[in-house]
Amino acid sequence: MSLVNLSGSKGGLVLSVLLVCSLIFELEAQEQRTTPGRKPKPSKANVVKSTNKGPRSVTDKPTIRATPAAPAQTFLTQVVNRGKFKKVGESISVQTGDTLELRCRGKPVHWSVPSYLEEDDDGRLSIVQHERYGLLTLVNSTGADTGEYTCFPMYCEDSDCRKEYHKAVKVFVFFPDPQELFVPSADYYEVIQLRTNWPTVLPCQVTSPQAKVTLHREFPPAEVAVDGTEISFNVQKGFTIHRPRPYHAGALFCVASLGNLRQSSTKYMLIYVNYPMAPPAPVIQASSSVSLGENLRVSCSAVGEHNVGLEFTWEYPGQQIGRPLYTEESITPVAGGGGASRQQSQSVLIVDEVRAVDQGTYTCTAHNLQGATSVSTNVKVLPKAKTRKP
Ligand SMILES: *[C@@H]1O[C@H](CO)[C@@H](O)[C@H](O)[C@H]1NC(C)=O
């Protein structure tokens with residue numbers, strides 16, 4: 001039992017070095033399910049402040065700061081002493097070097113941790129499932145451990161378990177590092193696609209929620225205005241460019257300052273990509289019947305943004321026997337209001353000298369970066385027309 005271990009040796013130097021920051025996630029989900037009409041409990045998380053001023057305090061204790069919790073069915077508790085728990089909010093700060101201990105009620109539970117910790121298993125992280133809760137322990141913490149820690153209760157039938165996503169509880173943990181204001185990155189620079197009208201995040205993650213962070217363009221050197229609308233900042237996420245435009249492209253970086261320390265983040269190379277707003281909406285057209293020996297044309301077309309790639313693939317009855325069909329593809333500008341220029345892409349599937357095997361369903365699938373949409377039409381092959389030719 002972790003509680004016993006944590007508080008079992010009184011006055012030991014060992015214990016005061018190993019820290020005292022345990023948190024408990026407790027779920028009230030079951031209760032909520034049985035009483036669906038109940039209003040969510042008001043969060044009391046924001047009243048929490050560290051009061052770790054016990055007699056054993058020979059080292060700096062972790063500072064626990066809480067921001068208001070989301071109105072979820074969850075609360076977090078910090079273990080401060082034997083059997084004493086304190087609720088915390090959606091984020092906490094744990095001094096680097098200290099141990100983070102998170103407890104999550106459930107049997108069993110699954111944990112997700114910052115990806116760096118998952119990939120780089122150096123023995124500092126341990127996850128133990130107890131009878132009624134899961135325990136996550138991270139020792140010798142560093143600023144790089146900063147990130148989101150999530151517990152998913154599992155629903156099990158026999159040995160078959162799945163995560164209960166709606167009951168997930170998470171806490172964002174900062175590990176303020178006196179030397180590193182930014183969570184270190186393995187790469188000197190990071191390439192980020194700016195997609196038309198899609199929010200883009202520059203994840204310059206700071207290790208301390210107290211750091212003041214600004215955004216800068218490398219060339220020409222300038223600070224980028226962060227107005228909260230076009231570009232906003234969130235200390236757990238970084239900068240978000242909400243509706244990217246071509247002029248946002250270029251090399252950017254973040255600068256964090258705290259006390260006398262001022263540091264630059266990794267560089268972000270922002271590349272603008274014309275990106276479709278939505279999956280394509282193709283239209284298929286063919287004559288519903290064709291006579292043996294005639295030529296068949298099935299056309300598939302979709303209108304999309306100018307300069308946005310669109311591809312077509314086909315499925316047709318003669319495919320199985322390797323019927324040699326061919327397609328003609330074309331792109332034409334579409335006149336239209338609204339300022340945004342659009343284009344029509346078309347693929348025409350051509351069947352020369354129709355045979356009986358060509359009867360059936362023709363399916364065209366239009367693909368763009370957002371997805372693929374299929375449309376179908378049926379073609380009937382009729383006996384040879386006798387006097388069709390003019
Ligand atoms: C944590 O740090 C201590 C002191 O440097 C070291 O002895 C110990 O092996 C470390 N533990 C892990 C799991 O890395």
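One-based numbering, in listed order, for ligands and for the atoms of each.
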- prompt: Centre of Tyr133's six-membered ring, under 6.0 Å away, within 45 degrees of the axis: is that where NZ or CZ of Arg103 sits?
  reply: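 Geometry flag: set, cation within 6.0 Å and 45°.
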- request: Could you give me the CA-CA distance, side-chain angles and deciding distance for Lys267 and Glu190, then say whether salt bridge (Lys or Arg N to Asp or Glu O under 4.0 Å) is met?
  value: CA-CA 6 Å; Lys267 240 171 250 170; Glu190 200 175 306; over 6 Å; no
task: Treat each ILVMFWY residue as a node, draw an edge where side-chain heavy atoms are under 4.5 Å apart, and state whether Val169 and Phe174 are in one component.
output: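 As far as the 4.5 Å side-chain criterion goes, Phe174 and Val169 are not connected within one cluster.
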message: Please identify which of these residues, Ser347, Ser299, Cys364, meets the side chain to side chain contact (heavy atoms under 4.5 Å, CB included) condition with Thr327.
response: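 Answer after filtering Ser347, Ser299, Cys364: Ser347.
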task: Using a strict cut-off of under 4.0 Å between a residue heavy atom and any atom of ligand 1, list the qualifying protein residues by chain and number.
output: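 Residues near ligand 1: Gly123, Arg124, Val139, Asn140.
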message: Exactly one of Tyr268, Phe253, Phe239 should register a ring-ring contact (aromatic ring centres under 6.0 Å, His included) with His216. Which one does?
response: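 Output: one option passes, namely Phe253.
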message: Tell me if a side-chain donor or acceptor on Thr365 pairs with a main-chain N or O of Ser374 at a distance below 3.5 Å.
response: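 Answer holds: no.
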